[in-house]
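The structure appears below as structure tokens.
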Number of protein chains: 2
Amino acid sequence: MISKKTKYGLKALAMLAKAETDAPIQISTIAKTENISQKFLESILLSLRKAGFLGSKKGKGGGYYLLKDPRDITIASVYRILEGPIAMVPCVSLNFYEKCGDCPDEDACGVHRLMIQIRDNTLAILENSTLADFILPAAGKQ
Amino acid sequence: MISKKTKYGLKALAMLAKAETDAPIQISTIAKTENISQKFLESILLSLRKAGFLGSKKGKGGGYYLLKDPRDITIASVYRILEGPIAMVPCVSLNFYEKCGDCPDEDACGVHRLMIQIRDNTLAILENSTLADFILPAAGKQ
DNA sequence: TAAAACCCTATAGGATTAATAGGATAATAG
DNA sequence: CTATTATCCTATTAATCCTATAGGGTTTTA
């Protein structure tokens, strides 16, 4: 299960991607449309901006806008920013690796081997899904 | 990321599957071998027994043992018992469905559609992985 | 210069996780 | 029959994480 933070982040990104305009959209607009607590959404969009997905404009007429083509924003990359590791256990994470406290020998650990398989399969899905998949009706990929 | 509960449960099941004997193995033995808090492991094995995966024997010479063939215990089923839903959001969960608080129309929600795809792909992996995959060296499936 | 809108930090309440404690119950060995 | 072994079960706790809120600061535009 992903956190609401990640879910809200994805919904916000989807809305920005659908907009198809370069004009910034305000936090309050997104919050109302998607039924998200505005203050909570603020912190989420801030993270996404610092991660390089979003640009922002301050002052009257300001707001947030996408910096990249939706096809170049993978779900995997958003997931890592908002949710953290994609792997099920730290000892098989590529980007957030941590050694197991228990388990002296990773190569001898059956759980470890299985988790690597699951990680690779999951990654294949998340790396191949992009924001663009939100917009189009669920047709095949181009 | 899965909880330690699920990870410990999988390690314990893997150890029981490897044992290849009908003789019960004691909690203390599993806890020491796998470096798991014994009391914590107790509650985990209890859940797995109630779920029908394990049998137990009390008293001297007692312990836990597998009730099924390792090939008939899918990772998905263990995951659901110890961790909960496999889906990333409740509104696409098959076994633990819950309607979104936000999001009035599920069919119109881009996140919803994507999460269904991810769920189906993840399920395909977890339903096709079994305890038996822990035992054999990572060779191809039979 | 006033209003709009993002920027940033802190914090609080609640839920969940991980572990511990302590005993009750059942089975076996001698 | 009794002592020992080992599971069974409930309750509690400490720590962490999640979600949300508060409250102002800063920048931009009209």
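Below, read A as the first sequence line, B as the second, and so on, with proteins coming before strands; counting in each chain starts at 1. As the structure is a computational prediction, the values presented were derived from the model and not from experiment.
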To the nearest angstrom, how far is B:Q26 atom CD from C:dT28 atom C1'?
-> 12 Å
Along nucleotides 18-25 of chain D, 5' to 3', which nucleotides get a B, which get an S, and which get a -, given that the test is a protein heavy-atom distance under 4.0 Å?
-> -SBBBBB-
Measure the distance from NZ on A:K57 to P on C:dA5 and round it to the nearest whole Å.
-> 11 Å
Is it true that B:R80 and B:E127 make a salt bridge, defined as a side-chain N closer than 4.0 Å to a carboxylate O?
-> yes
Over how many whole Å does the gap from B:K60 atom NZ to C:dT25 atom C1' extend?
-> 18 Å
For B:T6 and B:I2, indicate whether the former's side chain and the latter's backbone hold a donor-acceptor pair under 3.5 Å.
-> no
At under 4.0 Å, does any side-chain N or O of A:Y64 touch on OP1 or OP2 of C:dC7?
-> yes
Please list, chain by chain and in numerical order, all residues satisfying salt bridge (charged side-chain N to carboxylate O under 4.0 Å, His left out) with B:E106, sequence neighbours excluded.
-> none
Nearest-angstrom distance from the residue atom CD1 of A:I44 to C1' of C:dC7 | 15 Å
At under 4.0 Å between heavy atoms, what does B:K50 touch on the DNA or RNA strands: base, sugar-phosphate, or nothing?
-> sugar-phosphate
Across the strands shown, which category fits B:I27 at heavy-atom distances under 4.0 angstrom: base, sugar-phosphate, nothing?
-> sugar-phosphate
When every non-hydrogen atom of B:G9 is compared with those of B:L82, the smallest separation belongs to CA-CD1, 3.8 Å
Under a 4.0 Å N-O cut-off, is there an ion pair linking A:D133 with B:R113?
-> no
Whole-Å distance between C:dA5 C1' and A:I30 CD1?
-> 12 Å
Under 3.5 Å: donor-acceptor pair, side chain of A:S129, backbone of A:L126 = no
Please determine if a side-chain N or O atom of A:R49 lies less than 4.0 Å away from the OP1 or OP2 oxygen of C:dC8.
-> yes
